[in-house]
Amino acid sequence: MALLTIDLNALAANYRTIAARVAPARAAGVVKADGYGLGAVPVADALYRAGCRDFFVALTGEAHALRPTLPADARLFVLNGIAPGEEAALVDADAIPVLNCPADIARWGAAARINGRRLPAALQVDSGMSRLGLAPAEVAAIAADPRLLADIDVVLVMSHLACGDEPGSAANEAQRARFDELASMLPHAPRSLANSGGSFLDGGFHGDLVRPGIALYGGAPQEDRPNPMRPVVALDARIVQWRDVPAGTGVGYGLTSVADHDRRIATLSYGYADGWPRMLSNRGAAYVAGVRAPIAGRVSMDSICIDVTGVPLDLLVATPHAELIGPHQTIDRVAADAGTIAYEILTSLRHRHARRIVALREQEDATCGS
Ligand SMILES: *Cc1c(COP(=O)(O)O)cnc(C)c1O
């Protein structure tokens with residue numbers, strides 16, 4: 001069996017690192033896409049115990065699944081607005097939708113009147129990414145007609161950085177200025193702009209609440225900077241067999257890997273159906289007993305061949321598993337080899353094999369909430 005290990009102590013430590021960095025701003029936890037593929041329930045529980053009280057998912061269904069597991073004082077935001085017909089489900093989940101457009105505002109106002117009480121919401125403005133949020137003209141229209149928000153309790157005004165992971169980008173400063181300008185036209189409420197990358201920009205980007213995701217899970221928050229986060233994920237795949245392959249012999253589908261020397265090839269029980277990118281065919285590596293073993297040939301659905309010629313035979317024989325993610329190979333390294341980002345690597349991993357969750361240690365637990 002392959003084994004995906006998720007270290008909740010490292011996750012909690014990463015949360016505390018960010019919370020300490022941005023104080024007096026508070027840190028939320030972004031747990032959309034099932035906690036970036038690691039399991040939203042254990043992830044949110046560990047974050048809560050580390051002091052997190054604000055959680056972000058993308059979808060109403062995600063909020064519904066998570067809400068019953070969260071204590072009552074945890075706030076749960078839904079980033080992707082209100083899909084038509086989901087108002088009641090959001091109210092039912094005690095979720096706080098992020099209103100991204102005038103139609104969202106109208107829907108939530110109508111839901112409030114049906115429920116006979118004002119309903120909480122976050123307002124998102126587009127400060128320059130052109131993805132989600134109220135356009136400047138829509139913000140101006142709301143400012144001119146406050147009745148549009150009469151039934152809505154605005155608990156957060158937010159926007160999102162396009163280049164938060166690029167500390168040198170001039171776009172960050174431009175977005176911050178635009179955000180401040182737009183937010184000041186809306187009802188007074190706590191402000192939130194920064195994702196993981198933004199949390200590592202200067203304090204002017206932190207507002208009242210930062211919204212880290214990838215950094216909590218061990219991904220590098222900013223490019224071209226040392227990664228200050230602790231790794232959270234390890235992935236080990238079972239070595240099914242190995243064989244000696246003479247020079248000139250092809251390996252895998254299409255026989256795309258051929259060498260002019262004898263090789264030793266091991267086959268792992270892990271493949272693209274498990275979430276390992278097929279793009280890593282003849283690219284990237286696994287590690288066996290700490291020795292780099294390049295991927296040889298195409299990644300198959302359920303298996304990957306690796307070149308273990310450099311692994312001493314006694315070590316190979318004694319090593320049942322190869323490391324795909326772990327001390328020798330970060331999620332950012334795998335992503336770079338595959339031409340993608342760590343987010344996609346994590347959210348692609350399936351739960352077809354065993355998952356081991358390293359529970360929070362009591363000692364670390366005891367410091368929670370601080
Ligand atoms: C996904 C997301 C985040 C978290 O982003 P990271 O880069 O993972 O830190 C924060 N805010 C919004 C609006 C998002 O969509």
Side-chain angles (χ1 to χ4, degrees), residues 6-59 62-79 93-98 120 122 124 155-158 160-161 164 189-200 203 205-219 221 228-233 343 346-347 357-370:
I6 298 157
D7 184 352
L8 296 179
N9 298 292
L11 176 90
N14 289 341
Y15 177 80
R16 290 194 196 93
T17 296
I18 295 173
R21 202 194 128 75
V22 302
R26 288 179 302 120
V30 179
V31 296
K32 61 195 182 189
D34 198 25
Y36 285 45
L38 304 187
V41 170
V43 161
D45 177 64
L47 292 175
Y48 183 91
R49 294 206 242 166
C52 182
R53 293 294 177 271
D54 299 286
F55 298 86
F56 287 83
V57 292
L59 308 177
E62 293 176 336
H64 241 263
L66 192 57
R67 180 78 260 182
T69 74
L70 287 176
D73 65 341
R75 297 195 300 175
L76 186 51
F77 294 87
V78 175
L79 288 166
D94 193 17
I96 304 174
V98 175
Q124 175 150 235
V155 299
L156 190 72
V157 175
M158 61 175 274
H160 192 51
L161 294 170
R191 294 181 185 180
S192 176
L193 177 63
N195 59 350
S196 296
S199 301
F200 286 84
F205 287 89
H206 299 162
D208 299 295
L209 183 72
V210 299
R211 307 185 308 271
I214 194 69
L216 297 174
Y217 306 103
M229 314 319 297
R230 265 172 65 178
V232 172
V233 178
Y343 305 67
L346 288 184
T347 57
I357 297 182
V358 181
L360 281 183
R361 281 187 290 278
E362 285 307 321
Q363 201 186 359
E364 294 201 35
D365 222 8
T367 64
C368 72
S370 58

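Everything quoted here is computed from the prediction, not taken from an experiment.
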Asker: To the closest 0.5 Å, what do you measure between CG (L79) and NZ (K32)?
Answerer: 5.5 Å

Asker: Find the distance between CG (L216) and CZ (R16) and round it off to the nearest 0.5 Å.
Answerer: 12.0 Å

Asker: Rounded to the nearest 0.5 Å, what separation is found between the CZ atom of R211 and the CG atom of L193?
Answerer: 7.0 Å

Asker: Is any side-chain heavy atom of R53 closer than 4.5 Å to one of Y48?
Answerer: yes

Asker: Any heavy-atom pair between the side chains of Y217 and V233 that's under 4.5 Å?
Answerer: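 No - every pair of side-chain heavy atoms lies 4.5 Å or more apart.
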
Asker: Do V358 and I6 pass the side chain to side chain contact (heavy atoms under 4.5 Å, CB included) test, and can you show the C-alpha distance, the side-chain angles, and the key distance before you say yes or no?
Answerer: CA-CA 6 Å; V358 181; I6 298 157; over 6 Å; no

Asker: How close do L360 and L8 get, counting heavy atoms only, and between which atoms?
Answerer: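 Heavy-atom minimum between the residues: CD2-O, 3.3 Å.
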
Asker: Among C52, S199, P228, which residue satisfies the side chain to side chain contact (heavy atoms under 4.5 Å, CB included) criterion with I18?
Answerer: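 Exactly one pass, corresponding to S199.
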
Asker: Quick one: are D94 and L76 in side-chain contact, heavy atoms under 4.5 Å?
Answerer: no

Asker: Working to the nearest 0.5 Å, report the span between CZ of R230 and OG1 of T17.
Answerer: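 That separation rounds to 8.5 Å.
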
Asker: What are the two closest heavy atoms between H64 and A93, and how far apart are they?
Answerer: CD2-CB, 3.6 Å

Asker: So, taking the atom named CG in L346 and the one named CG in D34, what distance separates them when rounded to the nearest 0.5 Å?
Answerer: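 Those atoms lie 11.5 Å apart.
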
Asker: Could you walk me through whether F77 and V155 pass the side chain to side chain contact (heavy atoms under 4.5 Å, CB included) test, one step at a time?
Answerer: CA-CA 11 Å; F77 294 87; V155 299; 4.0 Å; yes

Asker: Can we say D208 and R191 salt-bridge, meaning some charged N sits less than 4.0 Å from an Asp/Glu carboxylate O?
Answerer: no

Asker: What are the two closest heavy atoms between A95 and V78, and how far apart are they?
Answerer: CB-CG2, 3.9 Å

Asker: Do F205 and V210 have side chains that approach each other closer than 4.5 Å (heavy atoms only, starting at C-beta)?
Answerer: no

Asker: Decide yes or no on side chain to side chain contact (heavy atoms under 4.5 Å, CB included) for L209 and F56, but give the supporting numbers first.
Answerer: CA-CA 12 Å; L209 183 72; F56 287 83; 4.2 Å; yes

Asker: Looking only at heavy atoms, which two atoms of P221 and S196 are closest? And how far apart?
Answerer: CB-O, 3.8 Å

Asker: Considering non-hydrogen atoms only, spot the tightest contact between A50 and A12 and give its length.
Answerer: CB-CB, 4.0 Å

Asker: Give me the atom names and distance for the closest heavy-atom approach of A65 to P68.
Answerer: O-CD, 3.6 Å

Asker: Would you sort out whether T69 and D45 count as a side chain to side chain contact (heavy atoms under 4.5 Å, CB included), showing the intermediate values?
Answerer: CA-CA 8 Å; T69 74; D45 177 64; over 6 Å; no

Asker: With rounding to the nearest 0.5 angstrom, report the CG to CG distance, D7 to L38.
Answerer: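 Between D7 CG and L38 CG, I get 11.0 Å after rounding to 0.5 Å.
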
Asker: Is there side-chain contact between I96 and F55, with heavy atoms separated by less than 4.5 Å?
Answerer: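 I96 vs F55: side chains apart.
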
